[in-house]
Amino acid sequence: QVQLVESGGGLVQPGGSLRLSCAASGSIFSSYAMGWYRQVGGKQRELVATITNMGRTNYADSVKGRFAISRDNAKNMFYLQMISLKPEDTAAYFCYVDVPSMRYWGQGTQVTVSS
């Protein structure tokens, strides 16, 4: 019903910026909540940011003031804008969309912050 494709990951220097994109297929996109998780190999998954169908956002304490989630319902896309990146932000980032009775996931995109 819903397919998610992520893009925008890569290698960036500390203090740099990066924008992750998640493109969704399917119907009734504007009715869904969505967000981003990140995971470092061997560690627990961390919820980074969420946005509701009404546009309310929430962030992990570790990224508040540096990351911003947004959505464009007309384009069936949503984003994670990241600024002031730190080495500890290095992780695989996964987008998701919540549909009634199902959570759909993107394939993941790697963000590496290193000098």
Side-chain angles (χ1 to χ4, degrees):
Q1 187 67 241
V2 176
Q3 182 180 10
L4 305 179
V5 178
E6 300 180 38
S7 63
L11 177 64
V12 64
Q13 293 186 112
S17 300
L18 208 58
R19 187 177 77 159
L20 307 183
S21 299
C22 189
S25 63
S27 60
I28 327 176
F29 183 82
S30 63
S31 298
Y32 305 153
M34 54 201 66
W36 296 86
Y37 278 86
R38 67 186 181 186
Q39 186 172 29
V40 179
K43 292 183 169 61
Q44 285 192 288
R45 183 182 60 191
E46 176 187 23
L47 181 60
V48 174
T50 61
I51 185 166
T52 71
N53 62 316
M54 300 301 293
R56 186 180 186 276
T57 59
N58 196 29
Y59 300 93
D61 288 341
S62 58
V63 306
K64 283 182 179 176
R66 300 189 299 116
F67 289 13
I69 186 172
S70 61
R71 62 192 293 167
D72 187 334
N73 293 336
K75 296 181 178 180
N76 275 13
M77 296 188 71
F78 65 105
Y79 310 93
L80 185 67
Q81 179 66 55
M82 305 180 291
I83 65 170
S84 301
L85 282 162
K86 305 174 180 179
E88 50 263 46
D89 296 317
T90 296
Y93 286 73
F94 297 86
C95 64
Y96 74 87
V97 172
D98 282 336
V99 177
S101 81
M102 185 70 66
R103 173 167 286 181
Y104 292 89
W105 293 91
Q107 82 282 3
T109 185
Q110 178 67 36
V111 172
T112 301
V113 185
S114 177
S115 60

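Residue indices begin at 1 and follow the sequence shown.
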(message) Between Arg71 and Ala33 (side chain of the first, backbone of the second, donor and acceptor by atom type, cut-off under 3.5 Å), is there such a pair?
(response) no

(request) Heavy atoms only: give me the nearest Leu80-Ala49 pair and the separation to one decimal. (result) CD1-CB, 4.1 Å

(message) Parallel, tilted or perpendicular, judged at 30° and 60°: which one describes the rings of Phe94 and Trp105?
(response) perpendicular

(message) Could you report the tightest heavy-atom contact between Ser70 and Phe78, atom names first, then the distance?
(response) O-CB, 3.1 Å

(message) Looking at every heavy atom in both Leu4 and Ala24, which two are closest together, and how far apart are they?
(response) CD2-CB, 3.4 Å

(request) In sequence, state the C-alpha distance, the side-chain angles, and the governing distance for Arg38 and Val111, and then conclude on side-chain contact (heavy atoms from CB on, under 4.5 Å). (result) CA-CA 9 Å; Arg38 67 186 181 186; Val111 172; over 6 Å; no

(message) Can you pull out every disulfide (SG to SG under 2.5 Å) where at least one residue sits in residues 44-73? Sequence neighbours excluded, please.
(response) none

(message) If we ignore hydrogens and angles and just use 3.5 Å, is the side chain of Thr90 paired with the main-chain N or O of Val113 as donor and acceptor?
(response) yes

(message) If you compare all heavy atoms of Ala91 against all heavy atoms of Val40, which two are closest, and at what distance to 0.1 Å?
(response) CB-CG2, 3.9 Å

(message) If I take atom CE from residue Met34 and atom OH from residue Tyr79, how far apart are they, to the nearest 0.5 angstrom?
(response) 11.5 Å

(message) For the CG atom of Asn76 and the SG atom of Cys22, what is their distance to the nearest 0.5 Å?
(response) 10.5 Å

(request) For Tyr96 and Thr50, run side-chain contact (heavy atoms from CB on, under 4.5 Å): C-alpha distance rounded to whole Å, both residues' side-chain angles, the deciding distance at 0.1 Å, then the answer. (result) CA-CA 9 Å; Tyr96 74 87; Thr50 61; 3.2 Å; yes

(request) Classify the side-chain pair Arg56/Asn58 by whether it contains a donor and acceptor separated by less than 3.5 Å. (result) no

(message) Count I, L, V, M, F, W, Y as connected when their side-chain heavy atoms are under 4.5 Å apart, and connections chain through other members. Are Met54 and Val97 then in the same cluster?
(response) no

(message) Which heavy atom of Tyr32 sits nearest to which heavy atom of Pro100, and what is that distance?
(response) CE2-CD, 4.4 Å

(message) Looking at Gln13, I want to see if its CD is surrounded by more than 12 non-hydrogen atoms of other residues, nucleotides or ligands under 6.0 Å.
(response) no

(request) Assess the side chains of Glu88 and Ser62: does a donor N or O sit below 3.5 Å from an acceptor N or O? (result) no

(request) Any chance you could measure Ile69, atom CD1, to Gln81, atom CD, to the nearest 0.5 Å? (result) 12.0 Å

(request) Decide side-chain contact (heavy atoms from CB on, under 4.5 Å) for Leu11 and Ser114; before the verdict, give the C-alpha distance in whole Å, the side-chain angles of both, and the deciding distance to 0.1 Å. (result) CA-CA 7 Å; Leu11 177 64; Ser114 177; 4.2 Å; yes

(message) Do the side chains of Asp61 and Lys64 get close enough for a salt bridge, i.e. N-O under 4.0 angstrom?
(response) yes

(message) How about CD on Gln3, more than 12 heavy atoms from neighbouring residues, nucleotides or ligands closer than 6.0 Å, or not?
(response) no

(message) Hydrophobic cluster membership, with links at side-chain heavy-atom distances under 4.5 Å among I/L/V/M/F/W/Y: are Leu20 and Val2 in one?
(response) yes

(message) Tell me the closest heavy-atom pair linking Ser17 and Ser84, and the distance in Å.
(response) OG-N, 4.5 Å

(request) Drop me the distance from Phe67's CZ to Tyr93's OH, to the nearest 0.5 angstrom. (result) 4.0 Å

(message) Would you say Met82 ends up clustered with Met77 if hydrophobic residues are merged whenever their side chains have heavy atoms under 4.5 Å apart, either directly or through other cluster members?
(response) no

(message) Quick one: does any side-chain atom of Glu6 pair with a main-chain N or O of Cys95 as donor and acceptor, under 3.5 Å?
(response) yes

(request) Any chance you could measure Ser31, atom OG, to Asp98, atom CG, to the nearest 0.5 Å? (result) 12.5 Å

